[in-house]
Amino acid sequence: MAGALPRPKRNSTKSKPEVAPEDVLYTDKDRSGDILDLELTSLCPNPFNKREMKGVPELAATIKEVGLLQNIAHIRAEVWIQTYPETADKITAPNVILFGEHRWRAVQELGWEKIPSVLRDDKVADARLITLIENLRRAQLSPLEEAEHYQALREAGLSYEQIAEKVGETADGAISKGTVWKRVKLLELSPEVQQALRDGTLKVSAAEKAQQLDGEDQRDYLGLVRGGARPAEAHAQILARQRQPEDSADDAPVSNGNGSGGETPGVPDPAPETTAVSNGNGEAAPPATKRPKQAKKSPGKDDADRRAAAAARDTHCRLLLETIDPADPDSHELILSVLAAAVLAPQQQSAAQQRAYAWLREINRHGLEAADAAAYFNAVQDSGDSALQRLAAFASALAAAELRTSARRQSWSSREIHHVRVLQEHAQYEPQTEWEQKELGLVTAGGDR
């Protein structure tokens, strides 16, 4: 019997769907590493790119003159979203730019319709790291932008050491894990200090000094540095001010000249522990009193209220400086009152001048330009302008009073109360925090008025 004949090939009766060539973004031949000419509208920015879009017009002019020297790279949107679903709401096109957003924006300005781009779906898992390295090597990230990238990598599970190893060499040299750590810590700075870092009025080294201070002290530190103080000097002044309440003479026991220690007003002595001491004549001298150490209070609502009150008073100090007329005889009594309080109270003259100079510059009443606060007050002294001299002296005295009031952790004395009364009467200041109202006697310890 003859062998079976081959079955004839059957052709499908269904016609293949026709697809216009312009509707085909990818073919079966598109693989990672291929260079594709993509419509500009088929691309969207990388959600991980924290870099500011500066210099785009200049880049456009360069591309117009010499052409596009380096292609951009992209990842297909579906691949991107599968790996980073949390960014889905930011993906607005079929493709996500991996790197080259500046070039993409520049050719848009030139009116291009397409741009050559390398398909890099195989690099989607490393998109955060590639974005950071690309920006670092172009030396166009600000310190805070760099910090935000590092923090994102930390949240992705990388250690400081791993980030440093993966980033490797940059435009500024090798990255150490210490550098990564210090950059990330910048994100913990107060908003005012971060803004100064962003706009370039504060250097990174100066911002790192502020990391050791709390929020309110960071703002004071920023004012001192802007006023001309060196970062190390400003930092030392803030630390000295923090120690002032505990170390100041008016809070410490003072000898009365007869061998006995002073007493803290209003605080009864506990049963004293005594020790007999020889007076050198074979007789026992009166027993010396040992005062028990007071336990330090842990930070709580009072500390938060104190910082809030200090910020509010600072605003009203500037208001008072902005509205006072030093040439008006009616203002002389107020000026003398504040000056007298400053002269009679212990103060840090350098810190007060730094704060005063910062205030005067902020309200544009400084009158003279100078390199720093010390040079400014010397120039005012030599100016012969009596009104400016009175204003500068008043500002310095007002700053000294505010620095002391802000730094005091214990109950206020008459000096701090006088300072706040001045602001209440002449700068429309109204104490809002319970702590400050209690110190002023406006409420009782239980909160009743």
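A quick note: this is a predicted structure, and the numbers were derived from the prediction, not measured.
- The side-chain hydrogen bond (donor to acceptor under 3.5 Å, both in side chains) check on Ser331 picks up nothing, with sequence neighbours excluded.
- Listed by chain and number, the residues in a salt bridge (Lys or Arg N to Asp or Glu O under 4.0 Å) with Glu86 are Arg128 (sequence neighbours excluded).
- Screening residues 182-231 for ring-ring contact (aromatic ring centres under 6.0 Å, His included) gives no qualifying pairs among residues at least two apart or on separate chains.
- Using a 4.0 Å cut-off between charged nitrogen and carboxylate oxygen, Arg365 and Glu322 do not count as a salt-bridge pair.
- Residue pairs meeting the salt bridge (charged side-chain N to carboxylate O under 4.0 Å, His left out) criterion with at least one partner in residues 62-73, sequence neighbours excluded, are absent.
- Applying the salt bridge (Lys or Arg N to Asp or Glu O under 4.0 Å) criterion to Arg361, with sequence neighbours excluded, gives Glu369.
- Judged as a side-chain hydrogen bond (donor to acceptor under 3.5 Å, both in side chains), and not counting sequence neighbours, the contacts of Ser32 are Asp122.
- Qualifying salt bridge (Lys or Arg N to Asp or Glu O under 4.0 Å) partners for Asp314, counting only residues two or more places apart in sequence or in other chains: Arg219, Arg318, Arg355.
- Residues that satisfy the side-chain contact (heavy atoms from CB on, under 4.5 Å) test with Ala387, not counting sequence neighbours, are Asp385, Arg390.
- Judged as a side-chain hydrogen bond (donor to acceptor under 3.5 Å, both in side chains), the pairs with a partner in residues 104-117 (not counting sequence neighbours) are, in order, His74-Ser117, Glu101-Arg105.
- Applying the side-chain hydrogen bond (donor to acceptor under 3.5 Å, both in side chains) criterion to Asp382, with sequence neighbours excluded, gives no partner residue.
- Every residue meeting the salt bridge (Lys or Arg N to Asp or Glu O under 4.0 Å) condition with Arg198, not counting sequence neighbours, appears here in chain and number order: Glu148.
- For the 3.5 Å distance criterion, the side chains of Tyr150 and Glu146 qualify, holding a donor opposite an acceptor.
- With sequence neighbours excluded, the residues that form a side-chain contact (heavy atoms from CB on, under 4.5 Å) with Asp372 are Ala374, Ala375.
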